[in-house]
Amino acid sequence: LQAADSAEHGGLNDWRLPNRKELATLVEFGCYAPATNNAVFPGTLSNRYWTSTPFPGSQPLTAWFVDFSDGSHGNNNINAEYQVRL
């Protein structure tokens, strides 16, 4: 989260990690591997992407992710190496 807050890209510096509901809006279930519209979101990898939403009851060690291989959601330890989309 801190890296996202301090990220600079394209002349902008107000980037952040989306929450679970926000990131899930990019999923298109008619698509698979990646489960998103490549014309709108080119270069999306068929991997898990972190969200800023902590998993209840395990804070701060576990957070939600969205898996863009099939559009599923899950949670894991925050030390797992997943993609991020700012």
Side-chain angles (χ1 to χ4, degrees):
L1 293 174
Q2 292 171 344
D5 287 341
S6 63
E8 292 185 29
H9 181 71
L12 301 172
N13 62 0
D14 59 349
W15 298 100
R16 64 179 179 81
L17 204 58
N19 65 43
R20 179 181 174 201
K21 289 181 181 181
E22 291 170 331
L23 192 58
T25 65
L26 305 185
V27 170
E28 190 166 320
F29 288 105
C31 300
Y32 182 78
T36 192
N37 185 330
N38 270 333
V40 179
F41 300 104
T44 299
L45 301 175
S46 297
N47 291 331
R48 294 175 174 178
Y49 285 74
W50 281 121
T51 74
S52 63
T53 308
F55 187 73
S58 63
Q59 296 175 6
L61 300 177
T62 304
W64 285 99
F65 63 80
V66 175
D67 190 333
F68 278 90
S69 64
D70 61 7
S72 64
H73 304 195
N75 62 80
N76 202 352
N77 184 285
I78 61 173
N79 292 317
E81 292 186 18
Y82 295 158
Q83 304 294 318
V84 294
R85 180 180 294 271
L86 305 181

K.L.:
Same cluster or not: are Leu23 and Val84 linked, directly or through other Ile, Leu, Val, Met, Phe, Trp or Tyr residues, by side-chain heavy atoms under 4.5 angstrom apart?
P.N.:
no
K.L.:
Who pairs with Ser46 by side chain to side chain donor-acceptor pair (under 3.5 Å), at least two apart in sequence or on another chain?
P.N.:
none
K.L.:
Any side-chain hydrogen bond (donor to acceptor under 3.5 Å, both in side chains) pairs touching residues 77-86, not counting sequence neighbours?
P.N.:
Thr44-Arg85, Arg48-Tyr82, Asn76-Tyr82, Asn77-Asn79
K.L.:
Can you sort out the partners of Ala4 under side chain to side chain contact (heavy atoms under 4.5 Å, CB included), two or more places apart, ordered by chain and number?
P.N.:
Leu17, Leu86
K.L.:
How long is the gap from CG on Asp14 to NE2 on His9, to the nearest 0.5 Å?
P.N.:
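Reported value, rounded in 0.5 Å steps: 12.5 Å.
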K.L.:
Pro54 and Trp64: which non-hydrogen atoms are nearest, and at how many Å?
P.N.:
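The answer is O-CD1, 3.6 Å.
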K.L.:
To the nearest 0.5 Å, what is the distance between OG1 on Thr51 and CG on Asn75?
P.N.:
9.5 Å
K.L.:
Tell me whether Leu26 shares a hydrophobic cluster with Leu45, the cluster being built from Ile, Leu, Val, Met, Phe, Trp, Tyr side chains joined at under 4.5 Å.
P.N.:
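Cluster IDs for Leu26 and Leu45 match.
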K.L.:
I need the full list of salt bridge (charged side-chain N to carboxylate O under 4.0 Å, His left out) pairs touching residues 34-45, with sequence neighbours left out, sorted by first then second residue.
P.N.:
none
K.L.:
Going by side chain to side chain contact (heavy atoms under 4.5 Å, CB included), name the residues that satisfy it together with Asn19, two or more places apart in sequence or in a different chain.
P.N.:
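Residues passing side chain to side chain contact (heavy atoms under 4.5 Å, CB included) with Asn19: Lys21, Glu22, Ser52, Thr53.
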K.L.:
Mind checking whether Leu12 and Phe41 sit in one hydrophobic cluster, side chains of I, L, V, M, F, W, Y counted as touching below 4.5 Å?
P.N.:
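Unlinked, Leu12 and Phe41 end up in two clusters.
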K.L.:
Please name all residues satisfying side chain to side chain contact (heavy atoms under 4.5 Å, CB included) with Val27, sequence neighbours left out, ordered by chain then number.
P.N.:
Phe29, Ala35, Val66, Phe68
K.L.:
Could you check whether any side-chain N or O of Trp15 sits under 3.5 Å from a backbone N or O of Ala3, counting only pairs where one atom can act as donor and the other as acceptor?
P.N.:
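Side chain of Trp15 to backbone of Ala3: no pair is present.
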